[in-house]
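Heads up: numbering here begins at 1 and tracks the sequence. On a predicted model such as this, the values are computed, not experimentally measured, just so you know.
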Amino acid sequence: MDTTQRPPAPAGAPPRGLGLARRVYLPRTVGLGIGSLCAGAGMYQANAPVWIWTVMLVYCAVWPHLAYQISTRSASPFDAERRNVLIDSFGGGVWAVAMAFNVLPSVLLLAALALNNVATGGVKLFGKGLVAHVAGASVAVLALGLKFQPETSFVTMLWCVPFLLSYPLVLGVVMYRLSVELSRRKHEVRGGETPCR
C-alpha cells in the first residue's frame, strides 16, 4: 500500500488521477476489444469450454466501461485506476490458462498488460501485476484444469495481427496527446505562448 503523503488538491480542482482514468479508457477499450480476437483464437485452438468464452466476451465488452465509471466516480481516481490495472492483469492470467498457454496470444496480451502496469505505476505496479497474473492463472487452473499447448497455429497468428498492429498505435496516440497537454501546461505556468502542434 502506498503511504506517501500527497498534497491536497486545490479547492475546485478535479481529483488527482481523473486525467489518467480518461487516458486509459481508450487503450483499455481497444485493447480488450481487439485482444479478444487473440484470446479467442487461442481459446479456439485449445478447445476451451463454452462458459469461459462467455466470461471472456462479457468481460471484454463490459469491463472497460465499468472500470472507467469506477475510476471517475472514485474519491481517488488515481488509486482506483491502479486497482483497475491489477484486475486487467488478473484477467490476463486467466486468459493465458484458457488458451493453454498458446505462445503468441499469451505473450502479446501479457506484454501489453505489463506495459500498462509500468506506465501507470512504474516497477512497483509491474511487480504487483506479475502477482495478479499468477493469481488469475491459479484461479483459472482450478476452474479449467491445466493444459499446456504452446504451439501457435498460422490461423491464430493471423487473428493476433490486428492487436499487434493497432494497440501500439493507440498507445502512441495517447502518449502524443499527453505530451501535447504537458507542453501546453508548461507554457501556461511559464506564461509563454501556446506551443505549436
Side-chain angles (χ1 to χ4, degrees), residues 14-15 17-102 105-121 125 128-144 156 159-171 173-174 177:
L18 196 56
L20 171 65
R22 290 175 178 154
R23 282 192 303 275
V24 169
Y25 178 62
L26 177 63
R28 179 177 281 126
T29 304
V30 172
L32 287 177
I34 299 178
S36 66
L37 299 178
C38 288
M43 288 166 59
Y44 179 80
Q45 195 178 329
N47 295 315
V50 173
W51 70 265
I52 195 68
W53 278 88
T54 304
V55 171
M56 188 266 291
L57 292 173
V58 169
Y59 172 81
C60 290
V62 173
W63 173 241
H65 315 295
L66 181 60
Y68 180 74
Q69 292 300 319
I70 289 170
S71 293
T72 57
R73 293 169 185 261
S74 171
S76 175
F78 183 77
D79 292 334
E81 192 50 50
R82 287 167 76 118
R83 289 189 294 271
N84 288 345
V85 297
L86 291 178
I87 293 171
D88 294 334
S89 297
F90 182 91
V94 171
W95 312 134
V97 171
M99 294 185 284
F101 301 99
N102 194 310
S106 295
V107 167
L108 284 177
L109 295 179
L110 295 177
L113 291 167
L115 175 64
N116 293 345
N117 291 342
V118 171
T120 304
L125 195 61
K128 289 182 178 179
L130 291 178
V131 173
H133 286 326
V134 172
S138 300
V139 168
V141 166
L142 291 174
L144 296 167
T156 298
W159 280 102
C160 290
V161 169
F163 182 85
L164 186 60
L165 294 177
S166 64
Y167 195 67
L169 290 175
V170 170
L171 287 180
V173 168
V174 170
R177 288 179 179 169

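The closest side-chain heavy-atom distance from Met99 to Leu109 is below 4.5 Å. Residues Asn116 and Leu125 are not in side-chain contact: their nearest non-hydrogen atoms beyond the backbone lie 4.5 Å or more apart. By the 4.5 Å heavy-atom criterion applied to side chains, Ile87 and Trp63 are counted as neighbours. The shortest side-chain heavy-atom distance between Asn117 and Lys128 does not fall under the 4.5 Å cut-off. Side-chain atoms of Ser74 and Asp79, non-hydrogen and from C-beta on, never get closer than 4.5 Å to each other.
Considering all non-hydrogen atoms of both residues, Gly129 and Ser89 come closest at O-CB, 3.6 Å.
Residues forming a ring pair (Phe, Tyr, Trp, His ring centres under 6.0 Å) with Tyr68 (at least two apart in sequence, or on another chain): Tyr25.
A side-chain contact (heavy atoms from CB on, under 4.5 Å) with Cys38 is found for one member of Trp159, Tyr167, Phe163 and no other, namely Phe163.
Here side-chain hydrogen bond (donor to acceptor under 3.5 Å, both in side chains) pairs that include residues 26-35, with residues two or more places apart or in two chains, are Arg28-Glu81, Arg28-Asp88. For residues 49-58, no pair satisfies side-chain hydrogen bond (donor to acceptor under 3.5 Å, both in side chains), with sequence neighbours left out.
Within a 6.0 Å sphere centred on OH of Tyr44, heavy atoms belonging to other residues, nucleotides or ligands number 12 at most.
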* Asked: Can Tyr59 and Trp95 be said to form a ring pair (Phe, Tyr, Trp, His ring centres under 6.0 Å), step by step?
  -> CA-CA 11 Å; Tyr59 172 81; Trp95 312 134; 5.6 Å; yes
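We find the OG-CZ distance between Ser76 and Arg83 to be 7.0 Å, quoted to the nearest 0.5 Å.
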